[in-house]
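Down below is the structure, laid out as structure tokens.
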Amino acid sequence: MTGIRNDRQKTLAGHVTVNGIGVHSGNPVSMTLHPAPADNGITFLIPTADGSSDTEIKAHWSEVCATSLCTVIGRDPESIGTIEHLMAALMGLGVDNVVVEVDAREVPIMDGSAAQYVEAIDQVGLLTQTKARRYIRILKPVRIEHNGSVSELRPYPGTRFDVTIDFDTPLIGRQRFASDMTPDVFRNELSRARTFGKVSEVEQLWKMGFAKGSSLENSVAIADDRVLNPEGTRWPDEFVRHKALDAVGDLSLAGYPILGEYRSYKPGHKMNHSMLVALFADEEAYELVVGRPQREAAPVDFAGEIAVPAYCPEVA
């Protein structure tokens with residue numbers, strides 16, 4: 001570490017609208033991203049249950065109300081779900097302050113990745129604001145375990161994600177993605193990675209009234225250990241890249257960028273959120289700082305199959 005760089009906060013330079021469908025409702029969704037003043041953070045503006053006015057929900061870990069199929073914030077009946085890909089795009093590109101106006105209870109799924117959100121942000125560009133950016137710096141390791149999944153936040157002079165998945169299907173197997181998280185890395189290595197699932201699991205969700213908008217246009221579908229999408233995968237390890245994308249989005253709910261390394265084995269929305277709950281339960285594990293350390297970004301380090309990291313137990 002060579003000192004602290006006084007980064008300034010950023011917002012959008014203009015308004016931009018994206019239209020799509022909700023992956024669970026299957027209904028049309030229109031979403032507009034608005035510039036916001038410094039220190040606003042990311043907030044969602046959604047219609048009230050009776051449609052008479054709007055409700056504002058802060059994108060914050062304390063507002064998370066569900067993590068089973070996606071990350072949902074707010075309180076029923078006024079909540080907004082499937083926010084993780086949009087949050088990943090905003091965090092990945094270094095956007096601090098935005099008001100997200102949505103006319104539904106879901107963020108549009110688009111193609112199942114964050115790529116079209118990145119394109120929308122690029123359309124209007126970013127505006128640098130006068131106030132300095134604040135960070136949450138990890139001071140000591142914090143670790144959680146649940147049903148064979150393990151996650152840790154560790155001190156690190158930058159922002160780094162090290163994610164490993166381990167599936168019993170040979171198509172996926174064990175994959176790892178590890179890299180400092182910069183706008184270039186997010187844009188080039190993660191933003192296009194799509195959500196994925198087994199066809200049998202999606203069919204079960206349909207029966208339960210979920211995933212009504214899921215299709216080959218917005219997810220990678222797996223059946224009989226093969227990918228059903230005609231174009232195949234965008235990378236051989238697109239699966240772990242998407243899990244890393246989810247982690248970037250979920251951990252952005254810390255409220256400020258994290259200066260530290262997030263290491264996770266078999267991650268998911270619940271583990272990502274539980275990691276933030278554990279972090280903020282220990283006041284000695286973090287501090288709020290202005291600016292970030294000046295350092296060179298470490299190269300991307302990913303492989304199709306690796307040994308389980310030493311901090312994680314072997315899981316059958």
Side-chain angles (χ1 to χ4, degrees), residues 8-25 27-110 114 116-118 120-121 123-124 126-136 246 248-258 269 272-273 276-277 280 288:
R8 287 190 289 168
Q9 297 177 34
K10 291 182 174 63
T11 188
L12 303 183
H15 307 261
V16 62
T17 297
V18 296
N19 297 295
I21 64 168
V23 69
H24 291 300
S25 68
N27 295 329
V29 180
S30 181
M31 179 178 73
T32 301
L33 307 180
H34 300 277
D39 295 335
N40 178 85
I42 311 300
T43 54
F44 286 81
L45 198 63
I46 65 171
T48 55
D50 61 8
S52 61
S53 59
D54 292 322
T55 294
E56 185 176 85
I57 306 172
K58 188 171 183 63
H60 193 261
W61 65 274
S62 63
E63 293 289 339
V64 172
C65 61
T67 55
S68 58
L69 299 175
C70 61
T71 298
V72 185
I73 57 174
R75 297 293 180 267
D76 285 336
E78 293 163 358
S79 60
I80 181 76
T82 324
I83 66 169
E84 56 272 11
H85 302 167
L86 172 63
M87 292 301 300
L90 294 170
M91 178 60 69
L93 297 185
V95 185
D96 302 280
N97 305 299
V98 172
V99 173
V100 183
E101 185 178 7
V102 190
D103 68 356
R105 293 291 182 267
E106 292 182 84
V107 169
I109 190 62
M110 310 311 286
Q116 288 165 291
Y117 300 137
V118 170
I121 294 168
Q123 283 182 30
V124 294
L126 301 184
L127 177 68
T128 299
Q129 299 174 294
T130 57
K131 286 197 174 182
R133 176 177 287 151
R134 287 170 286 183
Y135 293 83
I136 294 167
D246 279 347
V248 173
D250 287 340
L251 264 68
S252 74
L253 296 179
Y256 303 107
I258 292 176
H269 298 304
N272 296 337
H273 176 247
L276 292 180
V277 173
F280 291 110
L288 192 64

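What you see is a predicted model, and the numbers here were worked out from it, not measured in a lab. Only this structure's heavy atoms are used, side chains among them; waters, hydrogens and symmetry mates stay out.
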Next item on the list: Evaluate side chain to side chain contact (heavy atoms under 4.5 Å, CB included) for Q9 paired with K131, printing each intermediate quantity in order.
Entry: CA-CA 6 Å; Q9 297 177 34; K131 286 197 174 182; 3.6 Å; yes

Margin query: Assess the residue pair V102 and I80 against the criterion (side chain to side chain contact (heavy atoms under 4.5 Å, CB included)); give the C-alpha distance rounded to whole Å, side-chain angles, the decisive distance to 0.1 Å, and a yes or no.
Written below: CA-CA 9 Å; V102 190; I80 181 76; 4.0 Å; yes

Checklist line | Worked verdict on Y117 versus M87 for side chain to side chain contact (heavy atoms under 4.5 Å, CB included) | finding: CA-CA 9 Å; Y117 300 137; M87 292 301 300; over 6 Å; no

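Here the closest heavy-atom approach between residue A89 and residue V118 is recorded as CB-CG2, 4.2 Å. Nearest heavy atoms, R105 versus P77: NE-O, 2.9 Å. Shown here for A36 and V98, the closest heavy-atom pair between the two residues is CB-N, 3.6 Å. Taking each heavy atom of L276 and D250 in turn, the nearest pair found is CD1-O, 3.6 Å. Minimum interatomic distance between V124 and A13 (heavy atoms only, all atoms of both residues): O-CB, 3.1 Å. For the pair F44 and I73, the tightest heavy-atom approach, listed with the atom from each and the gap, is CD1-CD1, 3.8 Å.
For E78, the side chain to side chain donor-acceptor pair (under 3.5 Å) criterion is met by T55, not counting sequence neighbours. Shown here are the salt bridge (Lys or Arg N to Asp or Glu O under 4.0 Å) partners of D96, two or more places apart in sequence or in another chain: R133. The side chain to side chain donor-acceptor pair (under 3.5 Å) test applied to K58 returns no partner, not counting sequence neighbours. Residues that satisfy the side chain to side chain contact (heavy atoms under 4.5 Å, CB included) test with Q123, not counting sequence neighbours, are V16. Listed by chain and residue number, nothing satisfies the side chain to side chain donor-acceptor pair (under 3.5 Å) test with Q116 (two or more places apart in sequence, or in another chain). For T67, the side chain to side chain donor-acceptor pair (under 3.5 Å) test picks out no residue, with sequence neighbours left out. With sequence neighbours excluded, the residues that form a ring pair (Phe, Tyr, Trp, His ring centres under 6.0 Å) with H34 are H15. For T82, the side chain to side chain contact (heavy atoms under 4.5 Å, CB included) criterion is met by V23, H24, C70, E84, E106, I109, not counting sequence neighbours. Scanning for side chain to side chain contact (heavy atoms under 4.5 Å, CB included) contacts around L126 gives K10, L12, V95, I121, with sequence neighbours left out. Evaluation of the salt bridge (Lys or Arg N to Asp or Glu O under 4.0 Å) rule for R134 yields D39 as partners, not counting sequence neighbours.
To the nearest 0.5 Å, the span separating CD on E101 from CD1 on I46 amounts to 11.5 Å. Taken from CG in D103 to OG1 in T32, the straight-line distance is 8.5 Å, to the nearest 0.5 Å. For the atom pair CG of N97 and OG1 of T43, the computed distance is 9.0 Å after rounding to the nearest 0.5 Å. With rounding to the nearest 0.5 angstrom, the CG atom of D54 is 4.0 Å from the CG atom of L45. Here CE of M91 is found 11.5 Å from CG of L86. Values are rounded to the nearest 0.5 Å. Annotation: the span from I83 atom CD1 to I42 atom CD1 amounts to 10.0 Å, rounded to 0.5 Å.
Residue pairs meeting the ring pair (Phe, Tyr, Trp, His ring centres under 6.0 Å) criterion with at least one member in residues 59-100, sequence neighbours excluded: W61-F280, H85-H242.
Under the 4.5 Å side-chain criterion, counting only non-hydrogen atoms from C-beta, V18 is in contact with M110. No side-chain heavy atom of I21 sits less than 4.5 Å from a side-chain heavy atom of V29. The side-chain heavy atoms of L90 and S252, taken from C-beta on, include no pair separated by under 4.5 Å. When side chains are defined from C-beta on, H269 counts as touching D246, because their heavy atoms get closer than 4.5 Å.
Side-chain atoms of R75 come within 3.5 Å of backbone atoms of E63 as a donor-acceptor pair (strictly under, hydrogens ignored).
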